[in-house]
Amino acid sequence: MSARGEGEPWRLLDDIDRLVDESMRDGEPRTGYDYGDPAFPDCPNPYCDETWHGLAITTHMYRMRLRGNVDPDYDHRTDDSPVLCPGSDYRGEWENPGVLWAELRNPREDGEPDCDGQAAEPESGTDADVDDPRKLQADAMWMAVTRPATVVWTTTLLVALASMFLTPAHWRWLTPAIGMAALVAIAWLLGSKRRRFPPRYLRERLCARPETLFALVLMPVAGWLPALWCWRTPMDTTRDLADAYRVLLIACAVAGVAHAIVQLSRVRQVPREMVDGEGETDLSKHSTNMLALAILWLLLALPLVLLLGLTFGRLTYQPDAVWAATGVLAVTMLCFLLETAVLARINRDGGETVISIFLFFAVKGLLLWSLHVIGTTHFALG
């Protein structure tokens with residue numbers, strides 16, 4: 001019995017000391033949670049590869065863990081960073097956090113830690129906010145919102161290319177595919193894609209910008225324009241066929257208007273969406289991304305379409321239909337370039353403004369030539 005006294009508290013402490021001494025007699029045990037006990041349960045969340053945990057794991061928490069230190073003023077109750085896992089005892093439907101765990105573990109150029117907890121030194125001129133998970137999540141959401149417009153462009157391009165090999169009576173059957181593809185993209189956005197974001201994340205950002213809701217309605221409307229026109233027109237004259245190709249371009253233009261509404265509206269700053277005092281969308285990077293997309297279509301898609309028309313066009317049923325496909329690409333590129341010009345103007349970026357305006361007029365000339373060819377060609381009617 002310890003000499004510290006005979007009271008009940010001292011006897012209890014002595015018993016604890018004795019138990020600890022006995023358990024450590026043969027050295028520290030090599031089992032248990034800290035040593036990867038295989039019997040310790042895993043988190044039931046399919047998107048979480050951690051062991052069982054009661055608290056929700058947020059991006060801020062996980063970054064502190066990788067750094068190996070805790071922010072002195074951190075409070076889990078006020079942590080509003082994106083949630084990676086709501087906790088192992090969560091009873092609702094598991095949702096993909098939208099930010100991959102691997103993105104936080106990998107070394108980064110902004111000094112964030114890698115999987116070993118070591119921070120990488122940022123390179124000179126690197127913006128530390130490039131990989132902020134909240135901004136990545138916002139970018140992913142807005143990209144998903146514009147997906148139906150992109151689907152209208154791509155399916156219209158495919159229909160225009162298919163019309164080179166088919167008679168008007170046959171390829172008119174393909175026009176409903178444009179509208180159906182747009183509806184599928186809307187369903188995907190409001191269904192499985194929405195569940196990958198935090199609750200009410202998509203709804204709050206769309207409702208804060210009512211014009212984006214109008215744009216979401218406009219996208220499938222654009223997709224159904226070709227089908228509605230083609231099925232109400234006999235398409236038994238050259239003029240009908242030329243008008244049908246013009247309607248394809250009009251559908252792409254309407255989808256482009258919806259796309260521009262979303263891309264320009266997302267830069268509006270909403271107080272509850274602020275990330276470290278800034279908006280979720282980086283205006284400079286957003287403008288550069290739109291310009292890069294325009295150049296990508298210009299350097300990759302356009303040469304492929306023109307090459308197809310020049311090499312195999314004479315072997316097809318409707319060789320001049322390649323200009324309808326070229327017109328679709330021109331409308332798409334004009335949309336990206338116009339968005340770039342507006343964003344660069346807002347950001348006061350003279351370089352991107354000049355480049356986008358120059359390319360805009362060059363692509364506009366291509367569109368006018370495509371419309372000229374469509375209007376003066378005597379198409380085969382079958």
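Keep in mind that the numbers below use all heavy atoms, side chains included, and drop hydrogens, waters and symmetry copies.
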Report yes if the side chains of [X] and [Y] come closer than 4.5 Å at any heavy-atom pair, otherwise no.
X: Val331; Y: Thr156; result: no
X: Val159; Y: Val328; result: no
X: Ser356; Y: Phe336; result: no
X: Ile295; Y: Leu359; result: yes
X: Trp153; Y: Cys252; result: yes
X: Val322; Y: Met164; result: yes
X: Lys135; Y: Glu278; result: yes
X: Leu216; Y: Ile186; result: yes

Taking all heavy atoms of [X] and all of [Y], pick out the closest pair and write down the distance.
X: Cys230; Y: Thr175; answer: SG-CG2, 3.9 Å
X: Ala251; Y: Ala222; answer: CB-O, 3.2 Å
X: Ala182; Y: Pro220; answer: CB-CA, 3.8 Å
X: Ala140; Y: Phe197; answer: C-CZ, 4.1 Å
X: Ser88; Y: Pro44; answer: O-CG, 3.3 Å
X: Gly375; Y: Arg246; answer: CA-NH2, 3.4 Å

Could you go through Leu248 and Leu225, starting from their C-alpha distance and side-chain angles, then the distance that decides it, and tell me whether this counts as side chain to side chain contact (heavy atoms under 4.5 Å, CB included)? CA-CA 8 Å; Leu248 291 180; Leu225 286 179; over 6 Å; no
From [atom1] ([X]) to [atom2] ([Y]), nearest 0.5 Å:
X: Trp171; Y: Met235; atom1: CH2; atom2: CE; value: 4.0 Å
X: Glu280; Y: Leu136; atom1: CD; atom2: CG; value: 11.0 Å
X: Cys335; Y: Phe360; atom1: SG; atom2: CZ; value: 10.0 Å
X: Phe165; Y: His170; atom1: CZ; atom2: NE2; value: 15.5 Å
X: Thr340; Y: Met290; atom1: OG1; atom2: CE; value: 7.0 Å
X: Arg266; Y: Asp139; atom1: CZ; atom2: CG; value: 5.0 Å

Verdict with reasoning, Asp243 to Trp229, per side chain to side chain contact (heavy atoms under 4.5 Å, CB included): CA-CA 9 Å; Asp243 288 342; Trp229 194 93; 3.5 Å; yes
For atom [atom1] of [X], is the number of surrounding heavy atoms from other residues, nucleotides or ligands below 6.0 Å larger than 12?
X: Met64; atom1: CE; answer: yes
X: His378; atom1: NE2; answer: no
X: Arg268; atom1: CZ; answer: yes

Are the side chain of [X] and the backbone of [Y] linked by a donor-acceptor contact shorter than 3.5 Å?
X: Asp349; Y: Gly351; answer: yes
X: His76; Y: Ala56; answer: yes
X: Asn289; Y: Lys285; answer: yes
X: Arg194; Y: Leu189; answer: no
X: Arg91; Y: Asp89; answer: yes

Indicate if [X] and [Y] have the same hydrophobic cluster label, given that clusters are the connected sets of ILVMFWY residues with side-chain heavy-atom separations under 4.5 angstrom.
X: Val152; Y: Val257; result: no
X: Phe379; Y: Leu249; result: yes
X: Val254; Y: Phe214; result: yes
X: Leu329; Y: Phe312; result: yes
X: Met143; Y: Leu293; result: no

Are the charged groups of Arg63 and Asp71 less than 4.0 angstrom apart, N to O? no
N-O pairing of Glu273 and Arg209 below 4.0 Å: yes
Would His259 and Glu339 count as a side chain to side chain donor-acceptor pair (under 3.5 Å) here? Give the steps. CA-CA 9 Å; His259 188 277; Glu339 292 168 359; 2.7 Å; yes
Determine the interplanar angle of the His60 and Tyr74 rings, folded into 0 to 90°, and report it as parallel if under 30°, tilted if 30 to 60°, perpendicular if over 60°.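 It falls in the perpendicular class, over 60°.
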On the 0 to 90° scale, with breaks at 30° and 60°, tag the Trp173-Trp231 ring pair as parallel, tilted or perpendicular.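 Ring orientation of Trp173 relative to Trp231: perpendicular.
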May I ask you to check if Arg205 and Tyr201 form a cation-pi contact, with NZ or CZ under 6.0 angstrom from the six-membered ring centre and within 45° of the axis? yes
Under 3.5 Å, is there a donor on one side chain and an acceptor on the other for Glu352 and Ser287? yes
Would you kindly say whether Ser81 and Asp79 are connected by a side-chain donor-acceptor distance under 3.5 Å? yes
Apply the test side chain to side chain donor-acceptor pair (under 3.5 Å) to residues Tyr245 and Ser370: give CA-CA distance (whole Å), side-chain angles for both, the deciding distance (0.1 Å), then the verdict. CA-CA 10 Å; Tyr245 285 127; Ser370 299; over 6 Å; no
Could you go through the side chain to side chain contact (heavy atoms under 4.5 Å, CB included) check for Lys364 and Trp369 one step at a time? CA-CA 9 Å; Lys364 179 182 177 181; Trp369 175 254; over 6 Å; no
Take Leu264 and Leu343 through the side chain to side chain contact (heavy atoms under 4.5 Å, CB included) test and state the conclusion after the steps. CA-CA 7 Å; Leu264 297 179; Leu343 293 171; 3.7 Å; yes
Checking side chain to side chain donor-acceptor pair (under 3.5 Å) for the pair Ser163/Gln318: CA distance, chi angles, key distance, verdict? CA-CA 7 Å; Ser163 70; Gln318 205 79 266; over 6 Å; no
